[in-house]
Enquirer: 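Please find one structure pasted underneath; my questions will follow.
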Protein chains: 2
Amino acid sequence: MGRPSTLEDKRRELLPVLAGAFAELGYRRLTSAELSARCGVGENVLYRIWPDKVAMFLAALDWVYLSSERAWERLLADEQGGDGPFLRLLAHEASHHGEQGLYRIVFAGLSETDDPRIRRALQGLYGRFHAFVRRQVTAHRGAQGPGTLDAETAAWAIVGLGTVASIGRELGLFGAASRERLLWDAGRVLAEGEPARSPTVRKPRRGGSKPRER
Amino acid sequence: MGRPSTLEDKRRELLPVLAGAFAELGYRRLTSAELSARCGVGENVLYRIWPDKVAMFLAALDWVYLSSERAWERLLADEQGGDGPFLRLLAHEASHHGEQGLYRIVFAGLSETDDPRIRRALQGLYGRFHAFVRRQVTAHRGAQGPGTLDAETAAWAIVGLGTVASIGRELGLFGAASRERLLWDAGRVLAEGEPARSPTVRKPRRGGSKPRER
DNA sequence: CGATAGTGTAAGTAGATACTTCCAAAACGT
DNA sequence: ACGTTTTGGAAGTATCTACTTACACTATCG
């Protein structure tokens with residue numbers, strides 16, 4: 001009896017818009033007016049779907065992380081390129097890092113860590129991300145031999161690479177080539193302890209293992 | 001003629017308070033009312049010293065970075081500990097990282113990169129920081145032999161270590177011991193390409209080079 | 001002293017913004 | 001057709017906040 005609700009559909013349809021908006025403007029600068037304009041609906045519609053702005057942010061954060069993770073899982077499942085899943089993943093991130101906007105949303109959240117809900121969400125997200133990277137590092141080592149850093153530490157350091165790559169992208173500190181060297185070369189060193197010297201294990205397109213002092 | 005101005009003294013006296021306040025609350029959450037309360041002066045006094053809130057933030061950012069850099073320079077100048085300046089610096093950061101609040105202010109700024117003044121300030125800060133780390137890496141290599149990463153890349157990766165260490169501290173993702181391993185072990189690997197195995201080159205207090213899988 | 005310039009306090013203002021309310025119209029079931 | 005529930009739009013509200021103004025008081029110089 002009565003009109004059937006379509007809020008669930010609308011929520012799913014709006015999530016990518018939220019994620020893009022928060023990634024672009026950050027938490028504070030994205031006003032509810034601006035957000036509703038981007039969504040093409042009235043503000044009250046948003047507030048019917050989510051109780052408040054924090055909930056919208058959390059939904060966007062969750063969505064963008066899960067999207068990224070799904071993309072990585074897909075890459076891992078695709079069995080092509082002889083270098084093993086970890087290096088494939090690293091190579092992919094080296095060329096496509098930041099395109100999902102994940103880090104931009106995370107940075108926005110890091111300024112709001114006084115809100116316990118946002119804080120918990122970020123803790124969960126980093127925990128999951130770290131665990132994911134750690135699993136890849138461990139698996140890679142199983143195939144390539146043990147590394148020199150413990151996997152825990154190596155995984156955090158690799159998360160740090162991604163972070164600084166995003167900051168560099170955001171501020172225009174370095175170009176795509178440097179970002180690629182950063183993720184690929186340093187990622188290898190951290191995971192393996194020393195870069196492999198065998199020519200068979202080499203990143204496709206624009207290898208950057210050559211030291212370039214200036 | 002007239003009363004002599006003491007604004008310059010007041011500015012110097014207030015800078016650490018500004019820095020602490022911005023580091024603790026971030027840019028948006030630190031209102032001018034709160035800031036003036038912490039400074040123990042009226043809001044108009046602040047606005048007599050700096051033209052607007054952005055200028056206060058930039059002054060704090062600058063101050064905290066210069067403080068950190070001065071602390072590092074002091075450490076480099078102190079010639080004690082036979083491991084060389086770079087490792088001394090790394091060891092120091094491994095145990096005292098984050099105490100200056102530098103990264104907290106930087107994170108606050110990263111959410112405000114739409115403001116061109118803040119953006120430029122952060123670009124300059126990261127450029128300077130990276131150049132500093134790069135110099136240390138290069139000097140260290142001159143003493144210890146070349147590394148496997150180019151110095152540019154290694155320096156960015158080390159900046160990434162500091163960043164993720166701060167995020168971890170902020171969110172409570174890991175404790176002091178893990179943070180120490182992260183900075184010390186991974187820092188060494190990045191700078192040197194592979195960890196030194198000689199027992200003479202070893203971090204004082206709580207060495208963490210032992211792999212610890214779980 | 002008296003003129004001048006500086007300081008601290010307290011109240012005020014204009015604009016922004018998260019969130020609400022109201023209401024007419026639309027989409028169902030009976 | 002009719003009652004019921006949902007939808008979208010627009011206007012409203014209470015609060016917050018960067019920044020200003022007004023003013024009484026104080027220190028310095030001639």
Side-chain angles (χ1 to χ4, degrees), chain A residues 1-15 17-19 21-22 24-61 105 108-109 111-118 121, chain B residues 1-15 17-19 21-22 24-61 105 108-109 111-118 121:
Chain A
M1 59 269 289
R3 187 174 171 172
S5 175
T6 60
L7 285 186
E8 267 311 312
D9 300 334
K10 194 125 266 189
R11 164 200 244 107
R12 269 191 296 274
E13 175 196 331
L14 257 33
L15 271 174
V17 186
L18 292 203
F22 276 114
E24 185 180 336
L25 293 178
Y27 184 78
R28 300 281 171 157
R29 269 158 54 218
L30 182 60
T31 67
S32 41
E34 171 72 19
L35 185 56
S36 78
R38 283 172 182 242
C39 289
V41 301
E43 297 186 52
N44 59 343
V45 176
L46 295 181
Y47 282 96
R48 275 205 275 261
I49 301 181
W50 293 281
D52 53 23
K53 194 184 165 188
V54 174
M56 301 177 205
F57 179 76
L58 295 181
L61 186 65
I105 289 204
S111 296
E112 308 294 328
T113 46
D114 57 320
D115 185 307
R117 288 183 288 172
I118 294 185
Chain B
M1 59 279 281
R3 186 175 171 175
S5 175
T6 61
L7 285 186
E8 267 311 313
D9 300 334
K10 195 123 264 193
R11 165 200 242 107
R12 269 191 295 274
E13 175 196 332
L14 256 32
L15 270 175
V17 186
L18 291 203
F22 275 114
E24 184 180 338
L25 293 178
Y27 183 78
R28 300 280 172 154
R29 270 159 53 218
L30 182 61
T31 67
S32 40
E34 172 71 20
L35 184 55
S36 77
R38 283 172 182 241
C39 289
V41 301
E43 296 187 49
N44 61 339
V45 175
L46 296 181
Y47 282 96
R48 277 207 272 259
I49 301 181
W50 294 280
D52 53 22
K53 194 183 163 188
V54 173
M56 300 176 205
F57 179 76
L58 296 181
L61 186 66
I105 290 205
S111 295
E112 308 294 328
T113 46
D114 57 321
D115 185 307
R117 287 184 288 171
I118 294 185

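The chains referred to below are lettered A, B, ... by the order of the sequence lines, with proteins before strands, and numbering in each begins at 1. Because the structure is predicted, anything quoted here is derived from the model rather than measured.
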Enquirer: Closest-nucleotide mapping onto DNA chain D: is B/Pro4 or A/Arg48 further toward the 5' terminus? I mean the 5' end.
Expert: A/Arg48
Enquirer: Starting at CH2 of B/Trp50 and ending at C1' of D/dT20, how long is that distance when rounded to a whole Å?
Expert: 18 Å
Enquirer: Apply side-chain contact (heavy atoms from CB on, under 4.5 Å) to B/Arg28 and B/Glu112, showing your working.
Expert: CA-CA 9 Å; B/Arg28 300 280 172 154; B/Glu112 308 294 328; 2.6 Å; yes
Enquirer: Mind checking B/Thr31 for me? I need base, sugar-phosphate or nothing, with any heavy atom below 4.0 Å counting as a touch.
Expert: sugar-phosphate
Enquirer: Would you say A/Arg117 and A/Asp52 make side-chain contact, with heavy atoms under 4.5 Å?
Expert: yes
Enquirer: Does A/Lys53 qualify as a cation-pi partner of A/Phe22, given the criterion of NZ or CZ under 6.0 Å from the six-membered ring centre and within 45 degrees of its axis?
Expert: no
Enquirer: In whole angstroms, how far is the C1' atom of C/dA16 from the CZ atom of A/Arg29?
Expert: 15 Å
Enquirer: Taking C-beta and beyond as the side chain, do A/Ser32 and A/Leu46 meet within less than 4.5 Å on heavy atoms?
Expert: no
Enquirer: Please tell me which of the listed nucleotides, D/dG9, D/dC19, D/dA22, lies nearest to the side chain of B/Glu43?
Expert: D/dC19
Enquirer: What's the verdict on side-chain contact (heavy atoms from CB on, under 4.5 Å) for B/Leu14 and B/Trp50, showing C-alpha distance, side-chain angles and the deciding distance?
Expert: CA-CA 11 Å; B/Leu14 256 32; B/Trp50 294 280; 4.2 Å; yes
Enquirer: Write down the distance between CG (B/Leu30) and P (D/dC16), rounded to a whole number of angstrom.
Expert: 16 Å
Enquirer: Looking only at side-chain atoms of A/Ser32, point me to the closest of D/dG8, C/dC19, D/dA18.
Expert: C/dC19
Enquirer: Could you tell me the separation between the CG atom of B/Leu7 and the P atom of C/dA5, rounded to a whole number of Å?
Expert: 15 Å
Enquirer: Can you tell me if A/Lys10 touches the phosphate of D/dT6, counting only side-chain N or O atoms and a distance under 4.0 Å to OP1 or OP2?
Expert: no
Enquirer: Just the rounded figure in Å: distance from C1' of D/dT7 to CZ of A/Arg11.
Expert: 17 Å
Enquirer: Measure the distance from CG on B/Asn44 to P on C/dA11 and round it to the nearest whole Å.
Expert: 13 Å
Enquirer: Regarding A/Asp52, tell me which of base, sugar-phosphate or nothing describes its non-hydrogen contacts under 4.0 Å with the strands shown.
Expert: sugar-phosphate
Enquirer: Using atom OH of A/Tyr27 as one end and atom P of C/dA18 as the other, report the distance to the nearest whole Å.
Expert: 8 Å
Enquirer: Does a distance-only test, which skips hydrogens and angles, find a donor-acceptor pair under 3.5 Å between the side chain of A/Arg3 and the base of D/dT7?
Expert: no
Enquirer: From CG of A/Asp9 over to P of D/dT6, roughly how many Å is that when rounded to an integer?
Expert: 14 Å
Enquirer: Phosphate oxygens OP1/OP2 of D/dT7: is one of them under 4.0 Å from a side-chain N or O of A/Ser5?
Expert: yes
Enquirer: For A/Val41 and for B/Lys53, find the nucleotide of DNA chain D with the closest heavy atom, then tell me which residue's nucleotide is more 5'.
Expert: A/Val41
